[in-house]
Amino acid sequence: MTTMTETSARFREFKMPDVGEGLTEAEILKWFVQPGDTVTDGQVVCEVETAKAAVELPIPFDGVVHELRFPEGTTVDVGQVIIAIDVAPGSGDAPAPAADAPVQEPAAEPEAEAEPKGRTPVLVGYGVAESSTKRRPRKGAAAAPEAAAVAAAVQAELNGHGAPAAPTPAPAPAVPVQGGRPLAKPPVRKLAKDLGIDLATVVPTGKDGIITREDVHAAAAPAASGAPAAVVPPVASAPAVAEAPAVVSDSARETRIPVKGVRKAIAQAMVGSAFTAPHVTEFVTVDVTRTMKLVAELKEDKDMAGVRVNPLLIIAKALLVAIKRNPEVNAAWDEANQEIVQKHYVNLGIAAATPRGLIVPNIKDAHDKTLPQLAEALGELVATARDGKTSPAAMAGGTVTITNVGVFGVDTGTPILNPGESAILAVGAIKLQPWVHKGKVKPRQVTTLALSFDHRLVDGELGSKVLADVAAILEQPKRLITWA
């Protein structure tokens with residue numbers, strides 16, 4: 001009995017936290033600590049990914065890492081212990097807790113039975129779609145803690161797949177931080193994971209010891225050429241758990257990637273939307289020369305100082321005005337109750353491409369924001385998404401969405417509705433084209449808009465009015481004032 005008390009008082013266990021959105025499992029992507037490392041309250045110990053997003057988890061107490069219960073690549077249920085911490089190192093030779101026997105806190109210390117309130121990290125989320133992931137009744141959202149993260153690089157950094165020809169460097173440890181974590185940006189970490197390269201074996205050549213994409217490709221070159229790759233020893237104190245590889249290569253001609261996490265959630269959401277809501281898409285091509293002039297003027301306006309001004313800002317404002325003039329489009333179909341739910345607010349979704357896939361966070365109550373406020377909200381939304389820090393709350397409750405395919409040079413598309421929304425506007429590339437203006441053919445800035453809507457609750461007339469209003473505003477931006 002005495003030994004049990006000493007053990008429970010000495011060792012603390014950290015469980016996979018409740019995501020706050022009903023999902024009950026997450027994959028451990030990366031451990032940032034190893035047994036024997038000293039950790040402090042708030043220090044990031046691992047990175048995990050759910051079907052919604054990836055997030056770094058901080059430990060809520062001080063101590064020394066005693067045991068990692070699962071290796072990287074393992075999918076763990078919420079509530080399972082993932083790491084054990086010795087909170088009283090050097091206090092004696094009390095036996096360590098067994099991996100299959102949870103540590104019990106002493107009854108005299110009720111606050112030690114659970115993680116400190118307000119510190120349970122909420123996993124960042126992707127999308128709002130239902131999935132086949134196991135679910136349980138919601139226990140309440142936990143507060144998301146501040147976690148340090150390296151700013152994410154642009155999506156283009158992940159486009160390279162082939163390993164460049166480079167001499168094989170001798171394995172050497174990268175510059176460690178926070179318990180031996182190599183320095184690398186999130187896209188580089190994902191690239192290393194996809195190629196099966198442990199960053200601890202990669203020689204950094206970037207500034208201040210940062211591992212680059214080229215470093216990862218160079219480390220992968222020996223494996224591609226048949227040379228033996230560096231072998232990373234398993235965690236000494238972790239139980240033997242079979243780890244499924246993230247990428248399975250069958251031959252040099254193809255690679256098989258398991259459908260899970262974000263990609264699985266996206267696929268399920270799109271299939272569910274496409275085969276549930278009857279989609280109708282309408283198109284209009286419009287002269288946006290005056291809008292482009294307005295964007296240039298606003299960039300020089302002191303009232304817009306400190307915020308990013310671009311065509312998407314004016315397009316977003318135009319859609320909000322169009323919804324105000326045609327409020328019936330801002331609705332949702334409630335299948336269970338056989339009702340059309342009219343929304344008297346607009347949570348404007350913006351589709352954002354990130355290293356882990358497409359997500360659609362939304363600007364809450366966008367209809368109430370001034371142009372500078374809308375610009376600031378757009379900037380924060382995009383930056384947060386690219387850093388991989390978008391919260392589940394930021395993705396929930398969207399009413400309409402804008403997807404800007406024009407940034408890829410695409411003229412337009414037929415966007416699929418986000419589940420629970422009634423309309424989505426696709427914006428094509430803005431190009432200089434010959435256009436009849438005031439009776440003469442002149443070069444003008446032209447784009448094509450496409451509006452998809454749920455034909456159960458939005459008929460052709462209503463959808464056409466919304467799209468026509470957006471086009472009219474972009475052609476004559478002064479309507480933002482006269483129609484607002």
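Since the structure is predicted, the reported quantities are computational estimates derived from the model, not experimental observations.
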Please name the pair of heavy atoms, one in V87 and one in F61, separated by the smallest distance, quoted to 0.1 Å. CG1-CD1, 4.2 Å

Do any N or O atoms from the side chain of H66 and from the backbone of A84 form a donor-acceptor pair under 3.5 angstrom? no

How long is the span from the CZ atom in F453 to the CG atom in L467, to the nearest 0.5 Å? 8.5 Å

Closest non-hydrogen contact found for A423 with L451 is CB-CD1, 4.2 Å

Please check: side-chain N/O of T447 versus main-chain N/O of G428, any donor-acceptor pairing under 3.5 Å? yes

Test item: S452 side-chain N/O and P415 main-chain N/O as donor-acceptor pair under 3.5 Å: yes

Closest heavy-atom pair, M16 versus D77, reported as atoms and distance to 0.1 Å, is CB-O, 3.7 Å

Note, R69 side chain near V76 side chain (heavy atom, < 4.5 Å): no

Knowing that exactly one of V400, L374, D368 qualifies, which makes a side-chain contact (heavy atoms from CB on, under 4.5 Å) with L320? L374

Under the side-chain contact (heavy atoms from CB on, under 4.5 Å) rule, what do I363 and K369 come out as? Steps first, then yes or no, please. CA-CA 10 Å; I363 300 172; K369 296 187 182 297; 3.5 Å; yes

F14 side chain reached by I85 side chain, heavy atoms, under 4.5 Å: no

Could you walk me through whether D198 and K30 pass side-chain contact (heavy atoms from CB on, under 4.5 Å), step by step? CA-CA 10 Å; D198 189 283; K30 182 71 176 178; 4.1 Å; yes

Do side-chain atoms of T75 reach the backbone of A26 as a donor and acceptor pair under 3.5 angstrom? no

Provide the closest heavy-atom pair for T281 versus A450 in the form atom of the first, atom of the second, distance. CG2-CB, 4.1 Å

Is any side-chain heavy atom of L68 closer than 4.5 Å to a side-chain heavy atom of I83? yes

State the CD1-CD1 distance between I350 and I402, to the nearest 0.5 angstrom. 4.5 Å

For the side chain of K364 and the backbone of G397, is there at least one donor-acceptor N/O pair under 3.5 Å apart? no

About how many Å separate OG1 of T201 and CG of L199, when rounded to the nearest 0.5 Å? 7.5 Å

Side-chain H-bond candidate by donor/acceptor type, T212 with D215, under 3.5 Å: yes

Does this structure show an ion pair linking K15 with E13, if we count only N-O contacts that are shorter than 4.0 Å? no

Between P311 and M292, what is the shortest heavy-atom contact and its length? CG-SD, 3.7 Å

Closest non-hydrogen atom pair between I82 and I28, with its separation: CG2-CD1, 4.3 Å

Quick one: do V427 and L449 satisfy side-chain contact (heavy atoms from CB on, under 4.5 Å)? Show the steps, please. CA-CA 5 Å; V427 181; L449 306 174; 4.2 Å; yes

Do T38 and D62 make a side-chain contact, defined as non-hydrogen atoms from C-beta onward lying under 4.5 Å apart? no

Under 3.5 Å: donor-acceptor pair, side chain of E72, backbone of W31: yes

Polar side chain donor-acceptor pair, E421 to T401, under 3.5 angstrom: yes

Measure the spacing between NZ of K317 and CG of L378 and express it to the nearest 0.5 Å. 11.0 Å

Is any side-chain heavy atom of D411 closer than 4.5 Å to one of K431? yes

Any side-chain heavy atom of H367 sitting closer than 4.5 Å to one from D365? yes

Return yes if some donor-acceptor pair links the side-chain N/O of N330 with the main-chain N/O of I323 below 3.5 Å, else return no. no

Stepwise side-chain contact (heavy atoms from CB on, under 4.5 Å) check, L348 with N362: CA-CA 5 Å; L348 181 61; N362 60 76; 5.7 Å; no

Quick one: does L371's side chain get under 4.5 Å of L298's, heavy atoms only? yes

T384 side chain reached by P361 side chain, heavy atoms, under 4.5 Å: no

With rounding to the nearest 0.5 Å, note down the distance linking NZ in K299 to CG in L313. 11.0 Å

Roughly how far apart are L57 CG and C46 SG, rounded to 0.5 Å? 4.5 Å

